[in-house]
Protein chains: 2
Amino acid sequence: MNAEIIASGTELLLGEVADINTSFIASQLASLGIDLYYASVVGDNYERFSEVLRQAFERSDIVIITGGLGPTKGDITREVIAGLMGEKMELDPALQQHITDFFSRVHLEMTDNNLKQAMIIPCAGAIPNPLGTAPGWWVEKESKIIISLPGPPREMQPMWQKEILPRLEKKGSGIILSRTLKTWGLSEAKIDQLVGPYMSLANPTLALYAKADGIQLRITAKSNTREGAQELIRGRESELRMILKDSVWGGDQETLEEIVSRLILDKGLSVAIAESFTGGLLSYSFSGVHESSQFFKGGLIIADEDSRKSMGIVTGSNSGQADIRTASLMAALAREKFKADIGIGIDGRIQPQSDDASLGQAFLAIVLEEGEHNFAQTYPSRSYLLARRAVMNAFFSLRKVLLGL
Amino acid sequence: MNAEIIASGTELLLGEVADINTSFIASQLASLGIDLYYASVVGDNYERFSEVLRQAFERSDIVIITGGLGPTKGDITREVIAGLMGEKMELDPALQQHITDFFSRVHLEMTDNNLKQAMIIPCAGAIPNPLGTAPGWWVEKESKIIISLPGPPREMQPMWQKEILPRLEKKGSGIILSRTLKTWGLSEAKIDQLVGPYMSLANPTLALYAKADGIQLRITAKSNTREGAQELIRGRESELRMILKDSVWGGDQETLEEIVSRLILDKGLSVAIAESFTGGLLSYSFSGVHESSQFFKGGLIIADEDSRKSMGIVTGSNSGQADIRTASLMAALAREKFKADIGIGIDGRIQPQSDDASLGQAFLAIVLEEGEHNFAQTYPSRSYLLARRAVMNAFFSLRKVLLGL
């Protein structure tokens, strides 16, 4: 069973938009045990697109097309598939209804060209698109499959997970499973050194990735059964956890803010924040967590010297200087103002090092009923990443405090 | 003159590494006036790679290959090109010297397989690679060109800039320039309808893109001279601005928060924020702007009902319900608390529609010395995008207020 991917869109050939769908689908196919031999990009030109699709259909069992399902004249994926299949498109009343409903729900005017998205050929089944107006197509003919999906990843990926993955799972061979462990506080080189011996083993394999939320370790195992693969992963995971200890804060889809939020909720506590250095990002990160309204009471963003003074954040001899005492006063102020159990204060300063790189110093205070915890951290980064790293560090430190680590 | 790109490497087909070379080269070719009709990805398999290269060489004037120049058995780009050209590879003493020097410079042991990288065929010229051991190849035959470059972007891009770009500049025809207009508040279909007649014209061309910060219109013009292309773009831009009016807020690399911040700075005003619905994102967006400390005084994040009450945000009969009156009280509170000229309040509510989609209603108030402006907006989205859209809308509305539109 082999597959081929076609990413369509002149914007891709002009380099205006980077195609992130192909690597997403490629890794999905790999985990399904479906071989991918070719991937290509083609523009919104009927002849060339048709030629590429014809060749793919001849040499591959499954052809997956992304893009070209919009309402404009330049969107020709439907026309190209219909041409290859030798079928005529017709307006599908159910699809038309979905599109009409979508527009009335979002209070936007529906224009005539949107009806194009309700057209389909007899041998195709529509794949629902809950987040957009363009349905996908699933075409089976001569024991081959053509799958057409919209280009925007935020529409395509949920459609893949919900509709395509379950159908393809029945067609793959063998089971490949992965598990990601997420760490904070250790460098990639340090982790590479610690887990080095495992990096050259074959099943499970181990790979390291540097991400915004820390270094990730990906364990991948292959087996004939799901249970077999899970067993292999479990064994390797516990060995790695013994080595990396407290640096591991979670895995797979988990985010640090969700993990910390769950700890706060479980303990029945509430949180308030005062931040300067991170400009609102710590508050925003908490706000984004589901059920945050049950424990997050509010935040103060202190952006300039006047505001600092008028809120009483004055630290004696070095007033105005970001330091641990300021963070501590900020945490206490937030805790008192919002009547919260936990007060978090973040202050800091940035020292530009070069055009692009800066040295960030963040000062963090966590004030609870039973006492106060202080953290200082210095790290180099591109300027726009400094706030993000300080926020990650705040969550990581708060997790340690709550777990008593 | 048309080109084709082949990205090689099984790791790309497994989705382990995302191919960023293709979009880089694509945008470079666009600016050279060289048409790119096809791009493809192929694994480290001799037969399939050869087939893909043969087809590309037949239908395109220039074929650019990235990857497959490493020292391992899996790196077969040299073998595939030699096979197509029907020539035998020989060890090049100068290339061998470069590799030996490279290893002694980085104090690493050179292994025998590195000598593979010093092999070349008679019809190819070597392209120097200052940052690695693998030279590129430039092959000209039958008035066609094959260019082979290493896969790591940090090696490939400098080689492109220094060696490939100057050679291709002499072969391209004309100058191609682009200009992007950025809009907010109109749907893609609506804009498509409004500017439809321009979409089918050839020079300049017009394309639409849906982005997080609104629908973008990209004008692309081709001419023999830079001035000619600029003239074509200027003409089309002013026609489009007449049609789209106030919906256009900026262009090219501009961001809405930077534009609004510049307006605030130019008027010598200061800003404070109180937000609930957007959880800190509006404040964080202001904080991220260069020089924001000159006008942004601070923010209040009011995340729960208790905080709302304790800050006096109570709106009579419907207290607790997000509405325009609440936003107005919040704006006034922020303005007073931080002694700012402009107070911005955002409140809102989310109505879940399905698993993933929600309907957001945001209420925005902008309070200035001379009076108050209120805005209400309803829109559908994934939950995590609601705050982002509300923030975009706040910036867009503030821009209108400051410009008196």
Side-chain angles (χ1 to χ4, degrees), chain A residues 10-20 22-24 26-28 30 36-43 48 52 70-74 105-109 111 113-114 130-131 152 154 158 279-281 283-284 287-288 292-293 296-304 306-307 310 338-339 384, chain B residues 12-16 18-20 22-24 26-28 30 36-43 48 52 187 189-190 192-193 199-200 207-210 218 279-281 283-284 287-288 292-293 296-304 306-307 338-339 353-357 359 378-380 382 384:
Chain A
T10 299
E11 70 276 18
L12 302 175
L13 290 179
L14 290 171
E16 292 167 357
V17 175
D19 165 34
I20 60 167
T22 296
S23 69
F24 170 82
S27 66
Q28 292 280 316
L36 177 67
Y37 288 152
Y38 307 94
S40 54
V41 185
V42 66
R48 285 190 289 272
V52 167
T72 74
K73 284 198 192 69
R105 205 165 66 236
V106 303
H107 303 282
L108 275 175
E109 188 191 344
T111 53
N113 51 8
N114 281 111
L131 296 177
R154 61 172 286 275
L281 185 60
S283 300
Y284 178 58
S287 311
S292 70
S293 60
F296 179 49
K297 306 195 67 75
L300 270 174
I301 294 145
I302 303 169
D304 80 342
D306 288 346
S307 308
S310 74
F338 291 98
K339 299 184 189 67
Y384 71 90
Chain B
L12 302 174
L13 290 179
L14 289 173
E16 288 169 0
D19 165 36
I20 64 168
T22 297
S23 69
F24 170 81
S27 65
Q28 293 281 316
L36 177 67
Y37 288 151
Y38 308 93
S40 55
V41 185
V42 67
R48 284 191 290 272
V52 166
S187 73
K190 180 71 189 173
D192 183 58
Q193 201 186 43
M199 300 282 291
S200 48
L208 303 186
Y209 303 100
R218 190 171 172 102
L281 184 60
S283 300
Y284 178 57
S287 312
S292 70
S293 59
F296 178 49
K297 305 197 66 80
L300 268 174
I301 294 144
I302 303 169
D304 79 342
D306 289 346
S307 309
F338 291 99
K339 299 185 188 66
Q353 303 284 298
S354 67
D355 274 7
D356 212 24
L359 194 69
T378 300
Y379 45 77
R382 287 180 124 180
Y384 73 89

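With a threshold of 4.5 angstrom between heavy atoms, A/I302 approaches chain B through N, CA, C or O but not through any side-chain atom. Both the backbone and the side chain of A/S40 come within contact range of chain B, each with at least one heavy atom under 4.5 Å from a heavy atom of that chain. Both the backbone and the side chain of B/S23 come within contact range of chain A, with heavy atoms under 4.5 Å apart. Neither the backbone nor the side chain of B/A207 comes within contact range of chain A; no heavy atom of the residue lies under 4.5 Å from a heavy atom of that chain. The contact between B/L12 and chain A is made entirely by backbone atoms, counting heavy-atom distances below 4.5 Å.
The closest side-chain heavy-atom distance from B/R218 to A/E16 is below 4.5 Å. Counting heavy atoms from C-beta outward, B/I301 and A/L300 have side chains that stay 4.5 Å or more apart. A heavy-atom distance below 4.5 Å is found between the side chains of B/K339 and A/S310. The shortest side-chain heavy-atom distance between B/Y38 and A/V41 does not fall under the 4.5 Å cut-off.
B/L13 and A/Y37 make their closest contact through CD1-O, 3.4 Å (heavy atoms, listed as atom of the first residue, atom of the second, distance). Residues B/S287 and A/G279 come closest through the heavy atom pair OG-O, 3.0 Å. Counting all heavy atoms, side chain and backbone alike, B/Y284 lies closest to A/G280 at CB-C, 4.0 Å.
Interface check for chain A: of the options B/S27, B/G288, B/S187, the most heavy-atom pairs under 4.5 Å are formed by B/S27. Interface check for chain B: of the options A/A39, A/S293, A/A30, the most heavy-atom pairs under 4.5 Å are formed by A/A39. Between chain A and the residues B/L281, B/D306, B/V52, B/L359, the largest count of heavy-atom pairs under 4.5 Å involves B/L281.
With sequence neighbours excluded, the residues that form a salt bridge (Lys or Arg N to Asp or Glu O under 4.0 Å) with B/D304 are A/K297. Residues forming a side-chain contact (heavy atoms from CB on, under 4.5 Å) with B/F24 (at least two apart in sequence, or on another chain): B/Q28, B/M156, B/Q157, B/W160, B/Q161.
Considering CG of B/D192 and CG of A/N113, their distance stands at 5.0 Å, rounded to 0.5 Å.
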